[in-house]
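Throughout, a chain's letter reflects where its sequence line sits, starting with A, and its residues are numbered from 1.
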Number of protein chains: 2
Amino acid sequence: MTPSHKSLADTTAEGIIKYIIDNKLKEGAQLPNETTLSSLMGVGRSTLREAIRALVSRNILTVQQGSGIYVCHNTGVADDPLGFIFIENKEKLVADLLEFRMMIEPRVAALAASKATPDQAEELLHLAERVAECYDLGKSHSEADAIFHAKIAEISGNVIVPQLEPLIMHAIDMLIDITHSELKEETIKTHMAIVNAIQKNDPIAAQDAMTLHLIYNRDRLRKANEKSSLNNSHQ
Amino acid sequence: MTPSHKSLADTTAEGIIKYIIDNKLKEGAQLPNETTLSSLMGVGRSTLREAIRALVSRNILTVQQGSGIYVCHNTGVADDPLGFIFIENKEKLVADLLEFRMMIEPRVAALAASKATPDQAEELLHLAERVAECYDLGKSHSEADAIFHAKIAEISGNVIVPQLEPLIMHAIDMLIDITHSELKEETIKTHMAIVNAIQKNDPIAAQDAMTLHLIYNRDRLRKANEKSSLNNSHQ
DNA sequence: CTACAATAATTCATCAGACCAATATTTAAA
DNA sequence: TTTAAATATTGGTCTGATGAATTATTGTAG
């Protein structure tokens with residue numbers, strides 16, 4: 001039941017990664033075409049394609065028919081690397097995702113506040129304003145919101161959080177469906193509080209502001225959830 | 001550059017997931033063979049195999065030549081789903097992984113302490129003892145240690161953390177190479193402190209104990225790292 | 001009847017070739 | 001120069017054949 005020895009496709013996938021690293025290919029760089037790559041790796045085309053598939057699903061490569069094979073832009077969110085699909089109780093999953101955010105994001109905000117340069121704080125301000133714009137234009141703000149939080153994660157300097165946080169936010173977006181207009185004022189206000197704290201390099205204030213922000217968020221989701229579970233009482 | 005429409009292989013992968021969910025296949029369950037599955041999904045065998053590759057790399061399926069296709073045991077740790085391979089500064093990566101652990105694990109321990117039943121606390125005690133055994137027998141304790149921490153994550157009731165924590169610990173194990181004997185007493189002692197706090201359902205004590213444990217851990221790694229960077233000063 | 005070895009059947013692994021579809025490039029016309 | 005058509009390039013998919021690992025069956029010796 002336990003795979004005894006690596007398949008050629010797996011070895012080939014490793015070979016491709018090695019190729020990327022050795023040739024210092026950066027995001028967006030193009031790889032040789034399938035035929036060339038398969039002879040480079042010394043395998044048949046179908047085997048190579050299986051290797052590529054594995055890397056695509058790991059968000060390392062993107063492939064476009066007629067164009068070529070490229071190294072992923074890390075901006076793309078990997079597709080469910082933590083296997084959330086198989087968690088049966090989706091409501092609890094959302095609750096736990098929010099709980100998880102409350103564990104890390106205030107700390108991340110504190111880190112960011114202690115490290116942020118004026119330029120970074122400025123950037124963050126613009127991103128917060130963009131979220132506000134989305135509210136004004138009636139557009140979905142979830143993407144802009146994700147970028148705002150991602151920026152904080154980036155400023156924190158920790159390399160794990162920026163990889164992880166998009167997954168969390170993306171999963172939340174996938175699982176819930178809410179109207180955003182209700183808490184517009186609250187969101188804008190708490191976002192600005194976070195920005196201000198980071199601008200002032202005040203970790204404690206940043207941590208508290210983020211905590212408040214998430215509390216508002218969670219509260220909003222909880223109410224939206226109660227409403228929807230009244231409307232459709234099945235499942 | 002942005003893939004316009006899903007490839008057949010991706011659609012097929014989703015189809016397989018749907019198949020697993022619809023048929024309520026559990027861990028270790030066997031799927032139909034390639035030929036059957038390909039006609040079930042209405043695609044050629046090569047396409048089906050690419051879909052399977054993608055799912056294997058996501059740790060959803062395992063495949064063994066001559067035997068069959070199975071649903072993964074979740075115990076297996078997915079191979080680098082967060083793309084750590086491509087982070088260039090490995091030393092910083094380790095530091096950030098440890099920092100990340102310090103963000104979440106004390107909180108998780110507190111959660112676990114507030115929820116643990118006597119049975120669960122008992123189990124946890126056994127796991128701590130097993131780690132101690134590994135020290136006594138001179139074996140590597142990293143696996144037993146991972147199980148110990150995973151149990152705490154499970155007791156916490158949050159479904160995200162148990163998925164995530166193995167990844168972190170596994171990554172740390174992959175990246176560093178330390179001798180474990182030095183801090184044997186300290187590890188055993190702090191593990192026991194955590195267990196005691198959880199047994200008493202004392203969240204604060206659990207949080208503090210876990211924090212201390214991780215501080216000792218980080219300190220040990222830092223020293224080990226300094227030592228090794230003296231020995232081999234290349235890279 | 002059991003134990004064990006040989007055989008056969010099943011299943012995945014890999015390759016090769018053919019043809020389709022999307023994209024990119026070149027060429028030709030306006 | 002701009003635009004449109006033709007062509008080349010590249011990935012997408014299918015089929016069939018052969019190899020390798022595993023499992024199931026069979027046959028024989030004890």
Side-chain angles (χ1 to χ4, degrees), chain A residues 1-17 19-20 23 25 27-73 76 79, chain B residues 1-17 19-20 23 25 27-73 76 79:
Chain A
M1 211 104 135
T2 309
S4 35
H5 72 305
K6 270 180 216 172
S7 73
L8 228 193
D10 288 337
T11 313
T12 306
E14 287 171 17
I16 295 174
I17 289 180
Y19 179 91
I20 294 174
N23 295 62
L25 299 189
E27 300 180 356
Q30 183 169 10
L31 277 74
N33 65 40
E34 290 187 345
T35 318
T36 315
L37 210 47
S38 65
S39 50
L40 262 179
M41 300 291 161
V43 301
R45 194 173 154 223
S46 46
T47 302
L48 176 89
R49 280 184 58 81
E50 289 182 19
I52 290 176
R53 272 293 145 210
L55 295 179
V56 167
S57 89
R58 283 170 62 183
N59 211 31
I60 291 172
L61 296 179
T62 55
V63 169
Q64 183 157 24
Q65 180 177 172
S67 176
I69 309 165
Y70 305 88
V71 178
C72 255
H73 291 81
D79 201 31
Chain B
M1 210 104 135
T2 311
S4 36
H5 71 302
K6 268 179 216 168
S7 73
L8 229 192
D10 287 338
T11 314
T12 306
E14 287 173 18
I16 295 174
I17 289 180
Y19 180 91
I20 294 174
N23 294 63
L25 298 188
E27 298 180 357
Q30 183 169 11
L31 277 72
N33 66 39
E34 288 188 346
T35 319
T36 317
L37 211 46
S38 66
S39 51
L40 262 179
M41 299 292 161
V43 299
R45 209 166 76 85
S46 48
T47 303
L48 177 88
R49 279 183 59 82
E50 289 182 19
I52 289 176
R53 272 294 146 209
L55 295 179
V56 166
S57 88
R58 286 170 60 184
N59 211 32
I60 290 172
L61 296 180
T62 54
V63 170
Q64 183 156 23
Q65 180 177 174
S67 176
I69 308 164
Y70 305 88
V71 178
C72 254
H73 291 79
D79 203 29

The helix from C/dC1-D/dG30 to C/dA30-D/dT1: angle between its terminal axes, five pairs each, to 10°? 0°

Interatomic distance where CG belongs to A/L37 and C1' belongs to D/dG12 [whole Å]: 16 Å

Student check: side-chain heavy atoms of A/V71 and A/L31 closer than 4.5 Å: yes

Along DNA chain C (nearest heavy atom to each residue), the more 5'-positioned of A/G66 and B/T35: B/T35

Does C/dA24 have its OP1 or OP2 closer than 4.0 Å to a side-chain nitrogen or oxygen of A/S67? yes

If you take all heavy atoms of B/S7 and A/R53, which pair is closest and at what distance? OG-NH2, 3.4 Å

Atom-pair distance (CD1 on A/I69; C1' on C/dT23), nearest Å: 14 Å

Is the closest side-chain donor-acceptor distance between B/S57 and A/S57 under 3.5 Å? yes

Could you go over nucleotides 5-8 of chain C and give all protein N or O partners under 3.5 Å, atom names and distances?
none

Length of the CG-P vector between B/L61 and C/dC12, whole Å: 11 Å

Could you measure the distance from the CD atom of B/E34 to the CG atom of B/L40? Nearest 0.5 Å is fine. 13.5 Å

Atom pair distance, as rounded to whole Å: CG in B/L8 and P in D/dT13: 5 Å

Between B/I17 and B/R58, is any pair of side-chain heavy atoms under 4.5 Å apart? yes

Rounded to whole angstroms, how far apart are CD on B/E34 and C1' on D/dT15? 14 Å

Flag side-chain contact, heavy atom, 4.5 Å: B/I60 against B/C72: no

Nearest whole angstrom, please: distance from the P of C/dA22 to the CG of A/N33. 19 Å

Nearest-0.5 Å distance that lies between atom CD in A/Q30 and atom CD in A/Q64: 10.5 Å

Taking atom P of C/dT23 as reference, at what distance in whole Å does atom CD of A/Q65 sit? 7 Å

Give a yes/no answer on whether the side chain of B/Q64 brings an N or O atom under 4.0 Å of OP1 or OP2 in D/dA21. no

Between CD of B/Q30 and C1' of D/dA24 the distance, given in whole Å, is 13 Å

Under 4.0 Å from any atom of DNA chain C, heavy atoms only: list the residues of residues 43-53 of chain B that qualify, in numerical order. B/R45, B/R49, B/R53

Heavy atoms, side chains only, cut-off 4.5 Å: are B/L61 and B/I16 in contact? yes

Working to the nearest 0.5 angstrom, can you tell me the gap between B/L48 CG and B/L37 CG? 5.0 Å

